[in-house]
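Chain A is the first sequence line, chain B the second, and so forth, proteins listed ahead of strands; every chain is numbered from 1.
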Amino acid sequence: MQTFLYEDIVPLFPELTVATAAIVLLMVGVFRGDRSTRSLVWAAILALAGALAILVQEPERSVIVLRGMFVADPFALFAKVLILVGSGFALVMSISYIEREAMDRFEYPILILFATLGMMMMVSANNLISLYVGLELQSLALYVVAALRRDSLRSTEAGLKYFVLGALSSGLLLYGCSLIYGFTGTTSFDALTDVFTERGTQPSLGLLIGLIFLIAGLAFKVSAVPFHMWTPDVYEGAPTPVTAFFAVAPKVAAMALFLRAIIAPFAELTGQWQQVIVLISIASMLLGAFAAIHQTNIKRLMAYSSIGHMGFALVGLAAGTPEGVRGVLIYLAIYVAMNVGTFACILCMRQKDGMVESIADLSGLSRNHPVRAAFFALFLFSLAGIPPLAGFFAKFYIFVAAVNAGLYALAIIGVLASVVGAYYYLRIVKIMYFDAPAEPFVRPIGGEMTVVLGVTGAFTLFYVFYPAPLVAAAQTAAYALFP
Amino acid sequence: MVSFWDGYLWPGIVIVAQCVALIVPLLIAVAYLTLFERKVMAAMMLRRGPNVVGAFGLLQPFADGLKFLVKETVIPAGANKVVFLIAPMLTFVLAMIAWAVIPVSAGVVLSDINVGVLYLFAISSLGVYGIIMAGWASNSRYAFLGALRSSAQMVSYEVSMGFIIITVLLCVGSLNMSKIVEAQRDLWFAIPLFPMFVIFFISTLAETNRHPFDLPEAESELVAGYQIEYSAFAFALFMLGEYANMILMSAFTAILFLGGWLPPLDIAPFNWIPGFVWFAIKIVILLFVFIWVRATLPRYRYDQLMRIGWKFFLPLSLLWVVLTASAIVAFGWYPSKA
Amino acid sequence: MIIPEIAFYLFSVVAIASAFMVVAARNPVHSVLFLILTFFNAAGLFVLLGAEFLAMILVIVYVGAVAVLFLFVVMMLDINFVELRQGFLQYMPVGVAIGIVLLIELVFVLGTWVIVPEAKVFAEAPPPANVTNTHALGQILYTEYVYLFQAAGLVLLVAMVGAIVLTLRTREGVRRQSAFAQTHRRREDAIEIKKVLPGQGA
């Protein structure tokens, strides 16, 4: 009667930790009510840390368990570490916010945990069905946290918009999956690889349409143009710590899923999907750069910034080489650090009568709060890709990979887009340092914010001196995708 | 012509005869259940009950039936005629077709399908439609309130009933009704699963809209609820359906927990009596409890009804599913492969 | 045997006719009732296919629970559906477009078997002998797909939590019954026996 073995479960321990913690905390929350939110947030952070500890202890290997549904390899490990770190930071940053802004629903940390679990399942998916289930788990939880402040019109609007468009994209994705299944007779990634190796590089039309739909669904999740419309509204409407979470963990998960689903199974079809990815990538980079210029709301600006950054990351995917994948992974790691830092700065934008999020409120920040302004400037410079900050290296690896893969035009457009993009980041720096001071922000920002700012700031600033461990880890992870 | 006779006509006749053989006794049983109820209630209230028509009032049910037949069926002016008339028929038909899978004795069953329990559960979950349709089509506030109450009530109690059925199925390893009975040859499930037996019985009270959960009718507040606009034979169909459902649910309980047609002990004086007699005895005992409860308990308030269903029965039955499954795995009590 | 064929045509004709009536009925409650009839006939078709477990689950879940709640809601809605229908022609192109897309999808699915011969193998998985389809479903669900099964459970849990988070409002000032407090109330808490002396009062 033994249906699955203990060995099948071992690679799932990090996921099981998160799942068990979420369920236990849910019970605690149901019985203790909203007054337990603060302790639940800390417990959730602890659970994420626990999962992280278990994850990094695992031996480095590639195993496929549970009848080919779940894969644990260095690639998944790398992505999961990023996801857990991103989620953990997002939770830390939200602690004081949720109390101040009356968002202390005990379900908040639990939904974040479930979303994180979904992301971990996504990056470990080895089958179109497990891909979809993980994606749905993540998306459902995200729809709800976006609308968590149900008394705020904008938050509900964000949740609803995200839900409707997200459901549409899930539909596209599923339709793509069903076409791929119909034309190959399998949903397993391994089997897909075999099918294409046997059948050669001339796929049928239906299969290509399926692949396009799959890419469209995934592009929605990473908010790449032309499936980006939801991003600014959701970023602006959702509560700021939730936006910070959106900007970090789901992006990593979706991008990792993108790599996993496209690179290995469809390796034989590189010629077919490469042009699509190149197109999406160029459109995202350009839109991210140009549309952000006129924004007055810092959260909206960050939305366009993330669209642009996803465009850059897709350059690495377009290359389709181990070097490109390595570039994407490094990019994601640095992106997480920069975004967490930036959002920590945004979360500190609080005047006497509440949170503000307009860029004009930052005016003259350097005179009111020199340290905060310095950190903000640091992250903005890094986002713009100014050497020697981390953000520069992220773009550097990507463009080198693109050039080595022969995608010269893509690399040149990317560089141009990043120059245009630099304009709007630097504009904020100019406003902070050279404009007349606005009303000052509330002073003590809290210990946890200081820690977040310190850690991410140090990473951004000092990455240049010690890049080896990250590069090495990304290297191992990238090669795991190429058999 | 021979093949037509052998292939279609004769099997058809056999099937019809079997159905008639099941339904006619059932209808008589329903008729006498009404009398049984009145007599038992009367005895509990120190009255005599019906005693005028026939000896001991034995012909009373037929008199009642005749009266229903000759009265006029009144259809309210604002009613939705078609739905109004379909509702009682639906209730009655559903109460009848569910009997197709009930094994009356060893091998004596109209259709011994593999998913018998699910079939029964599906049919009983459809019962709510008769009530909702009646409540809506009557175009009356009372009727509609009754329908709303009943749909919420029946859907709620079905959930915990489902879990209880799962505990039994875990012990049997089959969804076939006959196999469920055969699995109890040594020990009736009422003994190891006693709490589930009690909860299941209470849930059947709610599922059949009987006291103390007769809120859909609640004559003192809703003046008979969904039945308020019905008269004559339409009303009689509702009554027949309700009582047939009581018998059906008792039979279901007897099969799941009281060993169906099996004698209490498989020894000499008991196993001389044929199986269907044991089955009938068990059903009558359960029906007696139905009536006993009606005569004894006051009606529940609506929120109390929901509370007991969702906050007590559901967690408890869920817990028992987990416990039963764990015990089966831990001690290796897997049901023998059917 | 001709009877399964008769049954097939009966079920499918009624299913299609009632599906049509779902759209065409003037009264929304009638639409829901026809929808239920459609479900029921679909269950009948499942039985004919030999998938009796699916048939029963379809009736229990869709007809017995989901459609009841649906009917519940539609009955209580006070919407003038005739007015809503005014825009019918306006939305018709969209509806037709969706219909055409669905048709193309169906053609795709059926066409696959013609275009890709290998895929046909999967379309004709024969029911295993000597195993009821309940057993067969269980065996595949709890071995091959156990991971997905559990994950789907988590998805449903999140959906449930989400629905509660977004809709549950605890009203202030509602006096609730505490059965626990009631049953634990002792006689001494409730009444006090006082010796009342004549002429003095309590």
Item to complete: Find the distance between CG (Leu71(C)) and OG (Ser151(B)) and round it off to the nearest 0.5 Å.
Response: 8.0 Å
Discussion item. Within the 4.5 Å heavy-atom criterion, are Leu126(B) and Ile36(C) side-chain neighbours or not?
Written reply: no
Item to complete: Name the region of Ile123(B), side chain, backbone, both or neither, that has any atom closer than 4.5 Å to a heavy atom of chain C.
Response: neither
Discussion item. Taking the side chain as everything from C-beta on, heavy atoms only, tell me whether Leu175(B) gets closer than 4.5 Å to Phe53(C).
Written reply: yes
Worksheet entry | Non-hydrogen atoms of Phe72(C) and Ala152(B) that approach each other most closely | CE1-N, 4.2 Å
Response to the item:
Among residues 81-92 of chain B, those lying within the under-4.5 Å heavy-atom range of chain C are Val83(B)
Response to the item:
When rounded to the nearest 0.5 Å, the distance separating CD1 of Ile132(B) from CE of Met75(C) is 5.5 Å
Worksheet entry | Short side-chain to backbone donor-acceptor contact, Tyr129(B) and Val63(C), under 3.5 Å | yes
Discussion item. Using a 4.5 Å heavy-atom cutoff, which residues in residues 301-315 of chain B come close to chain C?
Written reply: Arg301(B), Asp303(B), Gln304(B), Arg307(B)
Worksheet item: Do Leu33(C) and Met133(B) come within less than 4.5 Å of each other through their side chains, counting heavy atoms only?
Response: yes
Worksheet item: At what distance, to the nearest 0.5 angstrom, does OG1 of Thr134(C) lie from CG of Asn114(B)?
Response: 6.5 Å
Item to complete: Measure Ala55(C) against the heavy atoms of chain B and call it side chain, backbone, both or neither at under 4.5 Å.
Response: neither
Fill in: Among the listed options Leu148(B), Val128(B), Asn80(B), the residue most often paired with chain C at heavy-atom distances under 4.5 Å
Leu148(B)
Discussion item. For Gly64(C) versus Ser125(B), what's the shortest heavy-atom pair and its separation?
Written reply: CA-OG, 3.7 Å
Discussion item. Counting only heavy atoms not in Phe144(B) (residues, nucleotides, ligands), do more than 12 fall under 6.0 Å from its CZ?
Written reply: yes
